[in-house]
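Just so you know, ligand 1 is whichever comes first in the structure, and atom 1 is the first atom listed for that ligand. Only a predicted model underlies this, so the values are computations on that prediction, with no experimental measurement involved.
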Amino acid sequence: MNKAEHQDATALSALSELSDEELRALDAHWRAANYLAAGQIYLMANALLTEPLKPEHIKPRLLGHWGTSPGLNLVYTHLNRVIKARGLDALCVWGPGHGGPSVLANSWLEGSYSDTYPDVSRDGAGMERLFKQFSFPGGVPSHVAPETPGSIHEGGELGYSLAHAYGAAFDHPDLLVTCVIGDGEAETGPLAAAWHSNKFLDPVHDGAVLPVLHLNGYKIANPTVLSRLPESELDELLRGYGHEPIHVTGDDPLTVHRAMAAAFDDALDRIAVMQQSARVDGVSERVHWPMIVLRTPKGWTGPAEVDGVPVEGTWRAHQVPLSEVRENPEHLRQLEAWLRSYHPEQLFDAGGRPVADVLACLPEGTKRLGSSPYANGGLLVRDLPIPSLDRFAVPVEKPGSTLHEPTRILGDLLEKVMHDTSASRDFRLVGPDETASNRLQAVFNASGKAWQAGFLPVDEHLDRHGRVMEILSEHTCQGWLEGYLLTGRHGLFSCYEAFVHIVDSMVNQHIKWLKTSRELAWRAPIASLNYLLTSHVWRQDHNGFSHQDPGFVDHVLNKSPEVVRVYLPPDANTLLSVADHVLRSRDYVNVVVAGKQPCFDWLSMEQARAHCARGAGIWEWAGTENGGEPDVVLACAGDVPTLEVLAAAQLLRRHLPDLAVRVVNVVDMTRLMPRDEHPHGMSDFEYDGLFTTGKPVIFAYHGYPWLIHRLAYRRTGHANLHVRGYKESGTTTTPFDMVVRNDLDRYRLVMDVIDRVPHLAVRAAAVRQTMADARTRHHAWIREHGTDLPEVADWTWNA
Ligand SMILES: Cc1ncc(C[n+]2csc(CCOP(=O)(O)OP(=O)(O)O)c2C)c(N)n1
Ligand SMILES: [Mg+2]
């Protein structure tokens, strides 16, 4: 858009009734924030420019992002005004989180920063610290990070702001969540999907989300798609997403202040009316929420031209507009002129404290964005009411004789949790369209599925006030849940195992957030992010190869050990015990992999609790040790591998009754790690006792076999460890064929034992041959009958 068009559009915007005094004060606040943002990028001394700028005042490494900062500052300034005027509880999610200097500047101006970090006081000495520490060794990161007061969103990896904002707003009816979305960020898949969150926001029980699309026109090196659409086309697009856009456009500060104030007032008036009509008048029609489209220049108020090329209003303003300030006197001169253009002497008193005009727009106490308890969710979180597990446990008189679908049993527990949080509304279940498919449908007895779009008679369980969230965007599910947890609530994400990879990089970011937060005393612990991965690799009966990928566990186990936990409960009662644990935990990312298909019940509730507390242990009843040393250890992790190991143990009992077999089951994968690498890691002493130092260990694992080697490579007995798992051989076939194809089946495991226990090869050659023949029989049988061999399909534990 050219300048004339800018002005036209500005003229169309409604102008607010700001008094000249208010206008001057808002502009003073904005200029102060701009000054402080630029100061952080460049200065390590002479923060107030009390003397002419010299090279030694400049940081040796110039790091940070200027371009987005003036726009973020504008939003912060105007949010302050409306929070104060209307007494709002507000939170802001800063999508372009690379604008760290802006958010830091504002939290310093409002005093939140000094409240959190008293050594960075709101005066000249504190300003100097604020400047020097930014992107400086031993200081603070360049982005909006966990260290930043008032933040729940790093914005380092772009795309998640809008989903986070909605997550924060769900079940916080009195909260306004403003969300600044970069026009580059708006090109990402996660952001594009998140516009539809407005079809899930309940105007009665949820707060409001006010998106501010920040059209500064550019990304790092390119124009942005949305900024180059004709305004009418953009307007239609946003209306198509269900919003009513309010456009604010311009490059003259005072005009934009007036338009921005009017836009905020207009948006908040509309929101208040919509909430009133839903909450008081009981209107249940879908709401088309307002949003603001803010079109101002990138790097606004910065250097217009540098070295003969335009910078302000272009992509060149993205990071550091003047890059050779120490070496190039012209750059130094330009920087000084730029910084002095804000008139710091009018904004700060001689002691460096912001003057009254600058502070006039600021709210107080916890209304300040940087001091909102909503942004430090651990302050708000209550314990989840988790009922006693005994009423949900399945009775187990004898192991391996009854079958249950573990996730269905878990669904009963979740129904109760959902029911018991009906009033507190602080628990949600999210998933991409799979709650029922994952057999958790009992929760629908306690809550329907959130839905604000159209309803048809065929629909089931859709509910304007529901707390089960289903949208076919794993990114949106993940973003919602993160925002919900970060603002002090609880939840569970149930997902097909293979497709949870879609959020690999989102979970990376959340783990980083938690790792850093745990090191900040002022950040209170929040509820853990819990994944239930079901419909797993071994039982993709309907789908086949595309749906088979157990690698999320590998991905997560690379991450900060203090944050990540991985559980593979082998049956219904162990799943209940694991669920109880993860739902109570704080500050972790818990990955629980469990089947939804009928699965043998191995452990009573009491045994399950003890087994899960150990995380890994011997199942004496399944082995044949008789008090001596075992000849071989059969280890397993995961429901299907556990079944195959027990079936193998039974075959060994029958065919090689003298062989001393130990059966070990691992529920908590991190138990396998060395003790000094993970807080759950086993000492060598314990590990050696369980797995022996010299006997063969045949380990049947749910996922890719290499993981077990990685976890155990330092152990004495590693050379004797032989792992079977998924080796990417899959298709649509019978359940048992899946394990046969991947050499994880009972017959193969028996052959592995014979091959690895010394002196057995000759003695047990006939047994080995019987096992190989069974595999051959299996092969022919499934091709003829389409089902598994009766001896496999009808198998029960019978020792
Ligand atoms: C997912 C992702 N891809 C790429 C980047 C690298 N990156 C950092 S800033 C940026 C441009 C962002 O542009 P925009 O959202 O318009 O922000 P602004 O113009 O306000 O700086 C890019 C591509 C990133 N941070 N995250
Ligand atoms: Mg941009």
message: Parallel, tilted or perpendicular, judged at 30° and 60°: which one describes the rings of Tyr496 and Phe499?
response: parallel
message: Ignoring hydrogens, what is the shortest heavy-atom contact between Leu234 and Leu215? Give both atom names and the distance.
response: CD2-CD1, 3.5 Å
query: Quick one: are the ring centres of Tyr35 and His343 less than 6.0 Å apart?
result: no
task: Could you find the nearest protein heavy atom to atom 15 (O) of ligand 1 and give me its residue, atom name and distance?
output: Glu185 N, 2.8 Å
query: For ligand 1, which atoms, with element, lie under 4.0 Å from some heavy atom of Gly156?
result: 24 (C), 25 (N), 26 (N)
- prompt: Donor-acceptor pair, Asn106 side chain versus Ser102 backbone, under 3.5 Å?
  reply: yes
- prompt: To the nearest 0.1 Å, how far is atom 13 (O) of ligand 1 from its closest protein heavy atom, and which atom is that?
  reply: Lys219 CA, 3.5 Å
field: Test: Glu562 and Lys515 ion pair at under 4.0 Å
entry: yes
- prompt: Out of curiosity, is Thr188 lining ligand 1, as in a heavy atom under 4.0 Å away?
  reply: no
- request: Determine whether the side chain, the backbone, both or neither of Leu158 has a heavy atom under 4.0 Å from any heavy atom of ligand 1.
  value: both
- prompt: Quick one: are the ring centres of Trp338 and Trp66 less than 6.0 Å apart?
  reply: yes
- line: The protein heavy atom nearest to atom 20 (O) of ligand 1 is Thr68 OG1, 2.7 Å
- prompt: Side-chain donor-acceptor pair under 3.5 Å between Asn508 and His555, yes or no?
  reply: yes
message: Taking 4.0 angstrom as the limit and counting only heavy atoms of His318, give me the atoms of ligand 1 inside it, by number and element.
response: 9 (S), 11 (C), 21 (O)
field: Under 3.5 Å donor-acceptor, Ser69 side chain and His65 backbone
entry: yes
message: Does the protein come close to atom 4 (C) of ligand 1 - that is, does one of its heavy atoms sit below 4.0 Å from that atom?
response: no
message: Which of the protein's N, O or S atoms come within less than 2.8 Å of the Mg ion (ligand 2), not counting waters?
response: Asp183 OD1, Asn216 OD1, Tyr218 O
- request: Provide, to 0.1 Å, the distance between atom 17 (O) of ligand 1 and the closest protein heavy atom, together with that atom's residue and name.
  value: His98 NE2, 3.5 Å
- line: Near Glu157 (heavy-atom distance under 4.0 Å), the atoms of ligand 1 are 1 (C), 26 (N)
message: For Met469, is there any backbone N or O sitting under 3.5 Å from a side-chain donor or acceptor partner on Arg428?
response: no
query: Using 4.0 Å as the upper bound for N to carboxylate O, is an ion pair formed by Arg239 and Glu236?
result: no
- request: For Ser161 and Glu185, test the side chains for any donor-to-acceptor distance below 3.5 angstrom and give the result as yes or no.
  value: yes
message: Students should be able to answer this: which protein heavy-atom is nearest to atom 7 (N) of ligand 1, and at what distance?
response: Ile220 CD1, 3.5 Å
- request: Using a strict cut-off of 4.0 Å, indicate which atoms of ligand 1 neighbour a heavy atom of Gly184.
  value: 13 (O), 14 (P), 15 (O), 16 (O)
message: Tell me the protein heavy atom at minimum distance from atom 19 (O) of ligand 1, and give that distance in Å.
response: Lys298 NZ, 2.6 Å
message: Under a plain distance cut-off of 3.5 Å, with no hydrogens placed, do His164 and His153 share a side-chain donor-acceptor pair?
response: yes
